[in-house]
*Asks:* 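Input: one structure, supplied below.
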Amino acid sequence: MAIGKHVKAVFAIAAVAALSLCIAWQTIALWLPTVASYWLPSGTHIVFTQRPEFIKRGISLHGVQVLAKSCFLADVGPLTLTYEQSRWNLTGESLDIDTHCLENLTRQEKTQADDAGVSLRDIQQALPPFNLALGRLSVTPWEPYSSKVTLNSDARGQRLNIQGKLLSGTATLDDQQTLTLETLTMRFPDSPEVVALNGAVQVPLNLDSIPERGNIDAEVISTAVDKPLAVRLTWQQQDGHLGVSPKGEDTQLLDVPWTLSGKTLIVQNGRWQWPYAGQDISGGVNMTLKDWNSDYSEANLEARVNLVTQGKAGKGNVVLTLVPGIASLKNSDLRFQLTGKINEDALSFYATIPGSITGTLLNPTLSLTSGALLRATGPVTPDIYLHEARLPLAGISLTDKGINGRLQTIVNASHRYWGKYRLHLDGRSQDFWFDRGHWEYNFWGGGDMPPLKARWDMTGKGEWNDSQIRLQSLSTGFNRLIYGRVTVNKPRLTLSEPLVWDRAQNTYEAGWQLQTQKVSFDNGGYLPTSALNIRFFGRNPADFQWKGDLSAGKIGPVNLNGRWDGQLIRGEAWWPEQSLTVFQTLLPPDLGFKIRGGKLYAQAAFSISETNGIEAGGHWVVKDGGMWLKDGDLSGLDFVMSYRLKDHVWQLGAKAPVKLRIKHLNNLFDMQNITAALQGFYPHTERNPLRLTNVGVDILSGRISIPSMNFPQKEPAVLTLKGVDLSELFTILKPKQFTMSGKVNGELPLYLNHPEWLVRNGWIENDRALTLRLDRDLVNAISEDNMATGDIMDWLGYMEISRSRADVNLSNLGLLTMDAQIKGFNPTKNAERLVVLNYHHEEDIFQLWRSLRFGDNLQDTLQQFFSLPKEQKPRE
């Protein structure tokens, strides 16, 4: 009976124990975090979002998180803990640590146990054999350095291995407390720079003290230096040295001696230099670090670092001073002042920047206080002089999340040719960095542009929100532009649609409008209100397509489209057929021309690049143009031109000669079938000439033509007259003194580059019989001046000319000389009696053309001729 009672008691106890274990397992997510917090830093606690599960030889953990107050200090991915072959194995997929949460940790007060120190040997002996493997360890804000981590521990020591894209290495700690860095390689994101470390340190038994001796060697591979940089850190008891030099050279880029006494580390008279910049820069380092705590997470820091430059503007010196303050992994409190001047070639920078460093050293907050200002002045380029650029920095804070505060800039500068200008930028940022955070800004400015006799202004606003850059408005323009004989009134460029560039989505779009109120020409013509509308759409500012149209009053629209790939602008333009009457405003009013009809259309393709400049090709077509002239009219104008432009050279008539046809032109003379063809290059050269052909016009019942004219000219171009009717010429000119009838032929060799002549050895002669009639008043006037010539004038009053020839020369000063011989008879006197007239004439042809009347000049010439001595008079 007693045995039965004992058995029941045992079963009851077992049942209670089993029930307790079951309850404990079911509630493990509640009590385990409380127990684990005993070993966690003060201010932290662990959270299980899922209940652990049993697996073969161990347990599986999911949703384990460590919080510092409400901040997620660590987020642990799925974990498995197993025990095999007397070794614990902890395997996890990921561990994410956010160093921002360190600021939430509670500062612990020292205890007597802390002062006693911790023995590294005791820790090593207390550790069981284990393997730790993490598929990914990521620490904010250094996510690019995420790596795979393994840690192995046994009686011989511990071995740590890291493998990542930017960070990899191996370190061991043996049972003799020697920490050996076998290799550590670190690269920088988007950079070829490489840092490689190795070395050994004798770790003290008590973790409260510094290792008695050690040496660490490192090698830095940088694109700024031809050779790798050798870094060596050595110490022996209290004295140590840090040196950096190019591998294989004695030059010391960094020479820092230091002394350790108790809990005070002093760097005094440290020196550094960097001869690999555009100019030599150097400086000194002094620092005191003292009173650190037992876990080295906090210490007092004081430092002074200076930088000396020597540029074209002289010597500069900038000093960074850290006043005594707390440097802590949890809550730093450092005050600093950056003051001085830096010269970069001829450009000078002036800095007065007070501020503070607070928060954890792993993610400090840099705050700039009142009076923080950065200024720059000097020549930026040979043409641009920076009178002053001011960057007020007070109130700005900088963390690894970005910049917070007001960002503003004021630039006052001038261009040697384009004049002075002043620009302002003012905005506010919130955790802003490239493609992160938010920055909204306004900008405005203006200036003078003396070469164009203009003043300009600009204003706009925009924002940068995460990866999206948005320019909401922009307006820039001139009061006017005056260039040569052209005046452009109030041109202005504005955003017709916001510019939006989403760098993450690779989208870019914007709408622009360029307007001009009026384009005036000195000759009185003008271009009415003009507008260029254009849209951009693509991936980014270096890769987009564009489409738009150009119009000026009734002119156009000219349709445009193309693309920009960051190096080359390609485009096409179509000008649909429209009436020529829209170009009436381009003609000066005093010309008295009135366009009455005709059509025009055009097409072009072009490209613009820095290396090849502007290249273009296309064609223009004018059909059946017509206009009223002040003293006549023009009709039937046809014009076809193809062209190419490359290397500032126009190729005219690239596919076929440029052709001009005018059916009829009536202005003083009645002209029909005007033709011309042009093909070649402009500017022309010996290798690439320009050729004018098929120039001709039907006039005065005959034809005047130039078969060919080459530029540059090697042979004279011959102006040919064929069958020109003198009676029509005299009918148009209506000279009172004389008239002629009949037709003439001729050839006038034209010179364009002769040092003396425009026409040389030209001739004009009759095609058939000519008739000359002198006005009776002219004959009487000459007879009265010289009565001896009365009989001769009777013979010349009316003549039938069988032979006439004039040899013509024209100098490039406009002096026309003509030697003429006329043979004929007067049928009213004696048809068989030959009259021969030899005549020499000189005239300022430019003045003659200006007058467009030469009858009076001829009268004066004849009067002078018949006043000559008898031997120079005509013979019968």
Side-chain angles (χ1 to χ4, degrees), residues 114-125 156-160 169-186 195-221 227-274 282-305 322 324 327-329 361:
D114 294 331
D115 293 335
V118 180
S119 170
L120 179 62
R121 187 182 298 276
D122 293 342
I123 294 177
Q124 283 186 300
Q125 291 177 352
R156 294 171 297 178
Q158 289 74 41
R159 183 178 182 86
L160 175 67
T170 302
T172 61
L173 177 65
D174 62 21
D175 55 357
Q176 301 300 316
Q177 286 73 56
T178 299
L179 177 62
T180 302
L181 187 62
E182 296 180 3
T183 177
L184 177 64
T185 302
M186 183 174 65
V195 177
L197 304 176
N198 62 77
V201 177
Q202 187 66 38
V203 181
L205 294 178
N206 192 324
L207 292 181
D208 285 347
S209 61
I210 298 296
E212 292 186 0
R213 66 181 182 275
N215 65 82
I216 297 177
D217 293 313
E219 188 173 280
V220 179
I221 301 174
K227 296 181 179 181
L229 299 179
V231 181
R232 186 170 180 81
L233 175 64
T234 61
W235 69 93
Q236 180 70 35
Q237 294 182 347
Q238 293 184 345
D239 298 323
H241 182 268
L242 173 63
V244 178
S245 61
K247 192 172 183 179
E249 295 184 10
D250 296 331
T251 303
Q252 288 289 321
L253 302 180
L254 182 63
D255 183 9
V256 179
W258 52 271
T259 301
L260 178 64
S261 177
K263 288 190 174 182
T264 302
L265 176 67
I266 299 175
V267 173
Q268 195 168 10
N269 296 325
R271 304 299 304 171
W272 65 272
Q273 61 175 324
W274 189 255
S282 60
V285 180
N286 290 283
M287 183 185 72
T288 300
L289 186 68
K290 62 182 180 180
D291 298 335
W292 49 80
N293 57 8
S294 59
D295 59 1
Y296 308 106
S297 63
E298 183 176 293
N300 287 294
L301 175 64
E302 178 183 1
R304 183 182 186 276
V305 181
L322 286 173
S328 171
L329 289 177
L361 281 182

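Please read all numbers here as calculations on a predicted model, not as lab measurements.
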*Asks:* Hey, what do you get for CG (Leu265) to OG1 (Thr288), rounding to the nearest 0.5 Å?
*Replies:* 8.5 Å
*Asks:* Starting at CG of Asp291, measure out to CG of Leu301 and round the result to the nearest 0.5 Å.
*Replies:* 12.0 Å
*Asks:* Looking at every non-hydrogen atom in both residues, tell me the closest pair between Trp258 and His241 and how far apart they are.
*Replies:* NE1-N, 3.1 Å
*Asks:* Considering all heavy atoms of both residues, which atom of Leu254 and which atom of Trp272 are nearest to each other, and what is their separation?
*Replies:* CD1-CB, 3.8 Å
*Asks:* Asp217 pairs by side chain to side chain contact (heavy atoms under 4.5 Å, CB included) with which of Val231, Asn198, Leu181?
*Replies:* Asn198
*Asks:* Can you tell me how far the CD atom of Gln158 sits from the CG atom of Leu179, to the nearest 0.5 Å?
*Replies:* 10.5 Å
*Asks:* Is the backbone N or O of Pro228 less than 3.5 Å from a side-chain atom of Lys247, with the two atoms forming a donor-acceptor pair by type?
*Replies:* no
*Asks:* Of all heavy-atom pairs between Pro257 and Gly270, which one has the smallest distance, and what is that distance?
*Replies:* CD-CA, 4.1 Å
*Asks:* Report the C-alpha distance between Glu182 and Arg159 in whole Å, list the side-chain angles of each, state the deciding distance to 0.1 Å, and finish with yes or no for salt bridge (Lys or Arg N to Asp or Glu O under 4.0 Å).
*Replies:* CA-CA 10 Å; Glu182 296 180 3; Arg159 183 178 182 86; 3.0 Å; yes
*Asks:* Find the distance between OG (Ser282) and CD (Gln273) and round it off to the nearest 0.5 Å.
*Replies:* 7.0 Å
*Asks:* Taking all atoms of both residues into account, what is the closest heavy-atom pair of Leu253 and Trp274, and its distance?
*Replies:* CD1-CZ3, 3.9 Å
*Asks:* Does Asn286 use its side chain to pair, donor to acceptor, with the backbone of Asn269 at less than 3.5 Å?
*Replies:* yes
*Asks:* Which is it for Asp175 and Arg156 under the salt bridge (Lys or Arg N to Asp or Glu O under 4.0 Å) test, yes or no, and what are the steps along the way?
*Replies:* CA-CA 5 Å; Asp175 55 357; Arg156 294 171 297 178; over 6 Å; no
*Asks:* Check this for me, if you would: do Arg271 and Asp255 make a salt bridge, where the nitrogen-to-carboxylate-oxygen distance has to be below 4.0 angstrom?
*Replies:* no
*Asks:* Search all heavy atoms of Pro246 against all heavy atoms of Leu229 and return the closest pair with its distance.
*Replies:* CA-CD2, 4.0 Å
*Asks:* Carefully, step by step, assess Thr178 and Leu173 under the rule side chain to side chain contact (heavy atoms under 4.5 Å, CB included).
*Replies:* CA-CA 6 Å; Thr178 299; Leu173 177 65; 6.0 Å; no
*Asks:* Quick check against the 3.5 Å criterion: does Gln268 have a side-chain atom that pairs as donor or acceptor with the backbone of Met287?
*Replies:* no
*Asks:* Let me confirm one number: the OG-NZ distance from Ser245 to Lys227, rounded to the nearest 0.5 Å.
*Replies:* 10.0 Å
*Asks:* Do you know the tightest heavy-atom contact between Asn215 and Trp235?
*Replies:* N-CZ3, 4.3 Å
